[in-house]
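The structure appears below as structure tokens.
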Amino acid sequence: MPNLIDFKLIFTNIPKLLRALPITLEITFFAMIIGLVLGLLLAIIKVNKLPGLAQITAVFVSFIRGTPLLVQLYISYYAIPIFLKYINYLNHTNYNINAIPSMVFVLLAFSLNEAAYNSENIRAALLSVNKGEIEAAKSLGMTRWQVLRRITIPEAFVVALPTLGNAFIGLMKNTSLAFVASVVDMTAQGQILAGGNYRYFEVYLSLAIIYWILTIITEQILRILENRLTLFSKLQTQVPMAKTHFWLKGKWGQPINDRHSASHETV
Amino acid sequence: MIDIQHLTKRFNHNTIFEDLNLSIDSGEVLGIIGPSGAGKSTLLRCLNLLEEPDQGLITIDKSVYDVKKDSKKQAHLFRQQTSMVFQQFNLFQQKTVLENVMEGLITVKKLDRNEAEKKATHYLQAVDLENRLNYYPQQLSGGQQQRVGIARGLAMESGVLLLDEPTSALDTELVAEVLNTIKKVILNNKNQTVIIVSHELAFIKDVATRVVFFDNGGIVETGTPDKLFNYPEKERTALFLSRFKHSLKGA
């Protein structure tokens, strides 16, 4: 029987693929940070219904959510050179279009995409902050900016953390699309590897394992973060808790409403 | 001294009060009583500019706020003349008791951390919570939370303390605890001007130096507690008070 699956190769591929891990992480972290900052800005514009800006934001978010990421990557890939050509034509300058690193197209597309999705999450989180606390902060004499920075944003962050974490995981896996702009991320590296030995199945399995492990690590980090940040607010909003999350157990995490044990006692 | 002139507040087309005039001396403890929906809380919130009045002039000591002329940006400066204690406590849930009181001292009063902590601790001692400094609001009873709210207001040392139905959200057995704290605060500092909106008439009768009966967006009657509670001049006042006969007995 021919050698249908080369099991050993699945694992020996991994170190070779990991050489491209820094590129994957670079796109992920850069896009997430820009996506958070820009997303917060867009969310604040939306919440405060700033005339003009709010409408532009709405169109932007609608466009990003309404088009595939792959299409956005291609648009970014072709739009920037056209834009530069136009600038060259207008100002009689001579910027070298070919000198732009392909990473720029990828980072731009991912950052804008992330900002649009994050802005909706952050907006919902900002709106969920207790109005009473905002009033209390105002009544102390804080300026609007101080209220935002000291009270609203920290509280909203706790609420938004799970969805932002989800976005982060989604982003990390979506970076596998970067190859369309000729950036060699992990997936592109895999395709190159398989191109040499035609062992495509094995290389994709190796990639799946790496992405999965990365996701599991991220989930664990998020869990620790959430555990630290949301303990008190969870206790407040989930009383009585239907289910006690394991990370809530401990000092204050005793099941508040343990119906089962109570019913045993009375029977 | 607080001077309110021609103050008007509307919510859309619904007039809460119109052309309201009221003057309050420094160190006075003013109790505002009246039926629900009369506009008592709205008046208090207008003094703190949490509600933007539609018209009028508010003077607190030397600061004047002209509703028509002054920009909204000036509001945060004017707010520093008063401190508010809320019905729902409105403590910062992500901050400890100590941090709740320190917040305004650091961001608004620009004290450094040590000074702020010292002052916050002092006022938390005044409301008997010095052993709860590092607790979070959810770990406290409603009464304790409201006492933190009072300490947070006092620590700003604004000179005017506005209490907006401070015990309405509390279970009956916790009301006395908070009222005792308020009483202690008033007795401790004779210069502190206090305006309290409350349905705890017996308490108002006990601590207020002057009482205002507020109904249908206007001041119906004002006077000393003794005069207003025992010898009301207006029929509406008498009718309102008659509903509270039981709770007022012995006060």
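Letters go in sequence order (proteins before strands), and every chain restarts at 1. Computation of the quantities below employed the complete heavy-atom set of this structure, encompassing side-chain atoms and omitting hydrogens, waters and symmetry-equivalent molecules.
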Residues, nucleotides or ligands: over 12 heavy atoms within 6.0 Å of B:K184 NZ
yes
Between B:S158 and chain A, which part of the residue has a heavy atom less than 4.5 Å away: side chain, backbone, both or neither?
neither
Would you give the length of the straight line joining atom OG of A:S139 to atom CG of B:D164, rounded to the nearest 0.5 angstrom?
11.0 Å
Determine whether B:Q93 and A:E133 make a side-chain contact, defined as any pair of heavy atoms from C-beta on separated by less than 4.5 Å.
yes
NZ of B:K69: more than 12 outside heavy atoms within 6.0 angstrom?
no
Which pair of non-hydrogen atoms, one from A:A136 and one from B:F92, has the smallest distance, and what is that distance?
CB-CE2, 4.1 Å
Measure the CG-NZ distance between B:N90 and A:K138 for me, rounded to the nearest 0.5 Å.
12.0 Å
For B:K109, which atoms come within 4.5 Å of any heavy atom of chain A: side chain, backbone, both, or neither?
neither
Please classify the contact of B:F86 with chain A as side chain, backbone, both or neither, using a heavy-atom distance under 4.5 Å.
side chain
Any side-chain heavy atom of A:L140 within less than 4.5 Å of one from B:R152?
yes
Taking atom CZ of A:R144 as the centre, does the number of heavy atoms from other residues, nucleotides or ligands within less than 6.0 Å exceed 12?
no
The test is side chain to side chain contact (heavy atoms under 4.5 Å, CB included); show your working for A:M142 and B:E103 and say whether it passes.
CA-CA 10 Å; A:M142 288 183 174; B:E103 184 62 40; 3.2 Å; yes
Measuring heavy-atom distances to chain B, does A:Q146 have an atom under 4.5 Å in its side chain, in its backbone, in both, or in neither?
side chain
Value rounded to 0.5 Å, distance of CG in B:L50 from CD in A:E135:
5.0 Å
Region of B:L162 that comes under 4.5 Å of a non-hydrogen atom in chain A
neither
